[in-house]
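Following: one structure in structure tokens, then a few remarks.
Residue numbering restarts at 1 for every chain, and letters A, B, ... go by the order of the sequence lines.
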There are 2 protein chains.
Amino acid sequence: MSNLKVRVDKKLLERTAYVLKCVAHPVRISIIDLLEQREQLTVSQLQEVLRIEQSLLSHHLTNMRDKGIVETRREGKHVFYFLTDTSISNIIDCIKGCKAVR
Amino acid sequence: MSNLKVRVDKKLLERTAYVLKCVAHPVRISIIDLLEQREQLTVSQLQEVLRIEQSLLSHHLTNMRDKGIVETRREGKHVFYFLTDTSISNIIDCIKGCKAVR
DNA sequence: CTAATACATGAACATGTATTCATGTGATGT
DNA sequence: ACATCACATGAATACATGTTCATGTATTAG
């Protein structure tokens with residue numbers, strides 16, 4: 001009604017939903033949480049903590065990289081993953097504080 | 001590796017992902033944005049701004065209510081929707097500020 | 001009581017996402 | 001060169017989600 005309207009531009013809205021959808025998964029939230037603690041971690045290190053199949057983890061990581069949430073650096077046989085922007089982890093703290101979650 | 005572990009309990013992790021997944025949709029983000037501006041809105045009012053089918057909107061709203069993001073109050077023929085916790089909109093501001101989105 | 005308004009619901013279908021399994025690729029050690 | 005380690009990829013399958021359409025229910029007006 002009247003002068004009410006969505007204050008977010010449609011393109012940004014879709015991009016926001018797109019990235020958020022990627023965050024919205026237990027394994028991927030865990031990865032963000034771990035990368036907030038360690039700066040960078042290899043796939044094997046993540047695997048050891050998360051205890052999931054290597055292939056599944058790799059798919060999740062590729063997914064997160066496609067969305068720009070993480071980036072990679074290769075060092076010999078190892079590939080290190082790190083957060084593109086550590087402020088992504090604020091989202092998790094944010095939602096953990098919401099009534100809907102508690 | 002050493003004493004590294006996910007700092008979020010498994011149950012909370014799943015709940016967080018579950019609620020986040022619900023936020024992660026352009027229409028539902030828009031609804032949150034509108035309800036941040038107006039305190040409460042009827043389905044028709046939302047429909048007028050969003051310009052989507054009544055049925056689709058209703059499904060989205062039911063979805064959001066199931067997840068505890070919104071609540072309802074009936075007043076005559078109208079059903080008002082309002083945010084359970086306005087701090088949910090912080091998430092959207094949060095992610096909009098992230099590199100991955102811009 | 002009947003019709004209209006405002007909203008909800010269920011089934012069907014389309015589309016998207018998660019997971020597994022098998023296999024591929026790049027780097028290193030021998 | 002070959003084996004091994006660390007990781008990536010693709011196809012297949014299973015599962016979840018979004019959307020539409022038809023229909024149902026609650027409330028009010030006449």
- prompt: Does any N or O in the side chain of B/Arg102 come within less than 3.5 Å of the main-chain N or O of B/Gly97, such that one atom is a donor and the other an acceptor?
  reply: yes
A/Ile31 versus A/His60, closest heavy-atom pair with distance: CD1-CB, 4.4 Å
query: Do B/Ile91 and B/Leu20 come within less than 4.5 Å of each other through their side chains, counting heavy atoms only?
result: yes
field: Note, A/Lys96 side chain near A/Ile92 side chain (heavy atom, < 4.5 Å)
entry: yes
- request: Could you say whether A/Val27 or B/Arg65 is positioned toward the 5' end of DNA chain C, judged by the nucleotide with the nearest heavy atom to each?
  value: B/Arg65
message: Show the nearest heavy-atom pair for residues A/Glu36 and B/Arg7, with the distance to one decimal.
response: OE1-NH2, 2.8 Å
Contact state string [nucleotides 22-30 of chain C, B base, S sugar-phosphate only, - no protein heavy atom under 4.0 Å]: B----BS--
field: Cluster overlap A/Phe80 with A/Leu41, hydrophobic side-chain contacts below 4.5 Å
entry: no
- request: Using a cut-off of strictly less than 4.0 Å between a heavy atom of the residue and any atom of DNA chain C, enumerate the qualifying residues of residues 7-16 of chain A by number.
  value: none
task: Report the distance from atom CG of B/Leu61 to atom P of C/dA6, rounded to the nearest whole Å.
output: 16 Å
message: Over all strands shown, is B/Phe80 touching base, sugar-phosphate only, or nothing at heavy-atom distances under 4.0 angstrom?
response: nothing
- request: Could you check how far CG of A/Leu56 sits from P of D/dG10, rounded to whole Å?
  value: 17 Å
- prompt: Does the ring of A/His59 lie flat against the base of C/dT19, closer than 5.5 Å centre to centre with planes under 30°?
  reply: no
message: For a quick test of reading the model, state the closest non-hydrogen atom pair linking B/Lys21 to B/Arg28 and the distance between them.
response: O-NH2, 3.6 Å
- prompt: Within this structure, what is the CE-to-P distance between A/Met64 and C/dA18, rounded to whole angstrom?
  reply: 12 Å
Base C/dT17 paired with A/His60 side chain (donor-acceptor, <3.5 Å): no
field: Heavy-atom pair of closest approach, residues B/Val101 and B/Ile95
entry: CG2-O, 3.1 Å
message: Checking contacts here: which listed nucleotide (C/dT9, D/dT20, D/dA8) is nearest the side-chain heavy atoms of B/Glu53?
response: D/dT20
query: Are B/Arg73 and B/Phe82 in a cation-pi setup, meaning NZ or CZ lies under 6.0 angstrom from the ring centre and within 45 degrees of the ring axis?
result: yes
For atom CD of A/Gln45 and atom P of D/dC5, their distance in whole Å: 17 Å
query: Contact class for B/Tyr81 (heavy atom, under 4.0 Å): base, sugar-phosphate, or nothing?
result: sugar-phosphate
- request: Give one of base, sugar-phosphate or nothing for B/Arg28, where a contact means two heavy atoms less than 4.0 Å apart.
  value: sugar-phosphate
query: Rounded to whole angstrom units, what separation is found between the CD1 atom of A/Ile31 and the C1' atom of C/dA18?
result: 13 Å
field: Atom-to-atom span, CG of B/Asp66 to P of C/dG10 - whole angstrom
entry: 11 Å
- request: Starting at atom CG of A/Leu57, determine the distance to atom P of D/dA6, rounded to an integer number of angstrom.
  value: 14 Å
- prompt: How many angstroms lie between CG in B/Leu46 and CG in B/Leu35, if you round to the nearest 0.5 Å?
  reply: 5.5 Å
task: Using atom CD1 of B/Ile52 as one end and atom P of C/dA8 as the other, report the distance to the nearest whole Å.
output: 12 Å
